[in-house]
There are 2 protein chains.
Amino acid sequence: MINKSALVYDDLMQKIDAEVYQLGTYLPSENQLCDLYGISRETGRKALATLAENGYIQKIRGKGSLVIEHRQYEFPVSGIVSYKELAQKLHIATENVVYGYDPEATLPIAAFASLGVDLTEEPVTAIKRVRVIDDEPDIIDKDYILKSVIPDVPRKAAEDSLYAYFEDELGLEIGYATKEITMEPANAEDRAELNLDPGAYMAVVRSVTSLTDARAFQFTESRHRADKFRFRDFARRQRKPM
Amino acid sequence: MINKSALVYDDLMQKIDAEVYQLGTYLPSENQLCDLYGISRETGRKALATLAENGYIQKIRGKGSLVIEHRQYEFPVSGIVSYKELAQKLHIATENVVYGYDPEATLPIAAFASLGVDLTEEPVTAIKRVRVIDDEPDIIDKDYILKSVIPDVPRKAAEDSLYAYFEDELGLEIGYATKEITMEPANAEDRAELNLDPGAYMAVVRSVTSLTDARAFQFTESRHRADKFRFRDFARRQRKPM
DNA sequence: GTTGACAACTTGTCTAAACAAGTATATATT
DNA sequence: AATATATACTTGTTTAGACAAGTTGTCAAC
């Protein structure tokens, strides 16, 4: 049983997606939500705050919660969602080819230095995968999972879904990730796996993922064909300090 | 006078930046914050929630609020911050050259179609700027500001800071933005303004910015030299629905 | 020494209430 | 008709309290 505010959030979110609450209209007022769901006002406000944070609504004082244009999920990179979840949500046919698996590798720390990683040579399970979309290989994912946190990552988990393995099989709770997007020339491996011409460019997404107890455990380098890459972001204006 | 939770947020944030609270240590507990600032627990929790949202801390139940690695601001794109604010915060010497100014232009809707823009031909003020960093032109910004929302944008505002003009001069409140990052070949204008070779690639950031009353008013196409582009993002794992 | 129960901490969730402040509408006044 | 006013809505902020649940250390029992 999860909490009430999360239930209200899920319900409102689904109704916005299903256009029960349409773009440009207002959600029920906070007091109406209290009656509708049998909750206190603060509980409803928590759900609304999360909707606002995720770009579903804009709260306007004196008026209400306005449903706004929402384009959160975009293939292939958006927030911290597993590839498999994203493909399912968007109904995209994808294939996942594991072309490298080494349970006794070492973390290439240099690649993640700009993300603030200051580890020494850590034992990791190294996994290389190619993501095939519409029969065309578009993305190379190189994952390094710390053995000190997750001693064993079976090849089967890599072929299916790493996140499902971590969360459903091992019961770990994934907390947050820092990612960095850069543009780099394709290397020999990129060209070979993705059938690219010399001179091609890649969108490279490097990320460090941590559990809810703040232990970093997964380091990923995701290399995308430049012409297929698209990243979407929703951000709110920060109030100026002081 | 802003609110108490924002004051506590600013104070904790500054102390984290100043390493009064160091990486890997815990902030004062919620009850201690109540005594320290003379606030109620929920008010302190609100400040902590915002810190967590912005990647400063990780809350761990039963333990406390752990200060984590924080790398929010990165040149040149991060969240929704004005170019000038970012340059000042990072102490980077930049120059800003306005090379195009047309107060009677029309919004190029095709460029922003993928962001959900469904306007017809709207009158805008069109501004073209080159951002010069370390004596090297790196970025082209093309801004289109709706005349229906902001009838007049003086050239002076473009040379200084558009955001400062909107917020400080006109008293408008900027609410949120949706942005999209793609990788595209450099066009003739890119090559001319930034002195690039044929075959060069660009990181293109297109964004739609809205006021707190949800009126979209600014459309920006920001074109970056590929080799100088870097985007950093912090994201939390969403709890699975249902 | 090991184990288990307990107490004292921590954060998580929820409630009920009060007041401030922005918006919109109806109404009375001019 | 235009304007001002009252009032009934809306969201924003803060408080005080209660209970749940995870973490840690102490201490007694075995």
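Here is how names work: the chains are called A, B, and so on, in the same order as the sequence lines, proteins then strands, and each is numbered from 1.
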Where each residue is assigned the nucleotide of DNA chain C containing its nearest heavy atom, which of A:Ser40 and A:Arg61 is assigned the position nearer the 5′ end?
-> A:Ser40
Here the distance between atom P of D:dT15 and atom CD of B:Glu42, to the nearest Å, is 10 Å
Report yes if a side-chain nitrogen or oxygen of B:Lys46 is closer than 4.0 Å to either non-bridging phosphate oxygen (OP1 or OP2) of D:dT14; otherwise report no.
-> no
Under 6.0 Å between the ring centres of A:Phe231 and B:Phe231?
-> yes
Has A:Ser5 got a side-chain N or O lying under 4.0 Å from the OP1 or OP2 atom of C:dT13?
-> no
Report the residue (B:Arg45 or A:Gly62) whose heavy-atom-nearest nucleotide on DNA chain C is the more 5′ of the two.
-> B:Arg45
Quick one: A:Leu66 CG to C:dG22 C1', roughly how many Å, whole number?
-> 16 Å
D:dT15 phosphate, OP1 or OP2, under 4.0 Å from B:Thr43 side-chain N/O = yes
Which word best sums up how the rings of B:Tyr144 and B:Phe112 line up, parallel for under 30°, tilted for 30 to 60°, or perpendicular for over 60°?
-> perpendicular
So, is A:Lys59 close to the D:dT10 phosphate, meaning a side-chain N or O under 4.0 Å from OP1 or OP2?
-> no
Rounded distance in Å - CG (B:Leu33) to P (D:dT15) | 13 Å
Let me know the distance between CD of B:Glu30 and C1' of D:dT15, rounded to the nearest Å.
-> 15 Å
Separation of atom CD in A:Glu173 from atom C1' in D:dG22, rounded to whole Å = 11 Å
What nucleotide among C:dT10, D:dT10, D:dT15 has an atom nearest to a side-chain atom of A:Gln32?
-> D:dT10
NZ/NE/NH1/NH2 to OD/OE distance under 4.0 Å, B:Asp160 and B:Lys156 = no
Atom-pair distance (OH on A:Tyr26; P on C:dT23), nearest Å = 10 Å
Using atom NZ of A:Lys63 as one end and atom P of D:dG12 as the other, report the distance to the nearest whole Å.
-> 13 Å
Salt bridge or not for B:Arg155 and B:Glu159, using N-O below 4.0 Å?
-> yes
To the nearest angstrom, how far is A:Leu7 atom CG from C:dT13 atom P?
-> 12 Å
Touch check for A:Ile60, heavy atoms < 4.0 angstrom, all strands: base, sugar-phosphate only, or nothing?
-> sugar-phosphate
Taking only side-chain nitrogens and oxygens of B:Arg41, does any of them come within less than 4.0 Å of OP1 or OP2 of D:dA16?
-> no
Hey, are the side chains of B:Val205 and B:Thr182 touching, using non-hydrogen atoms and a 4.5 Å cut-off?
-> no
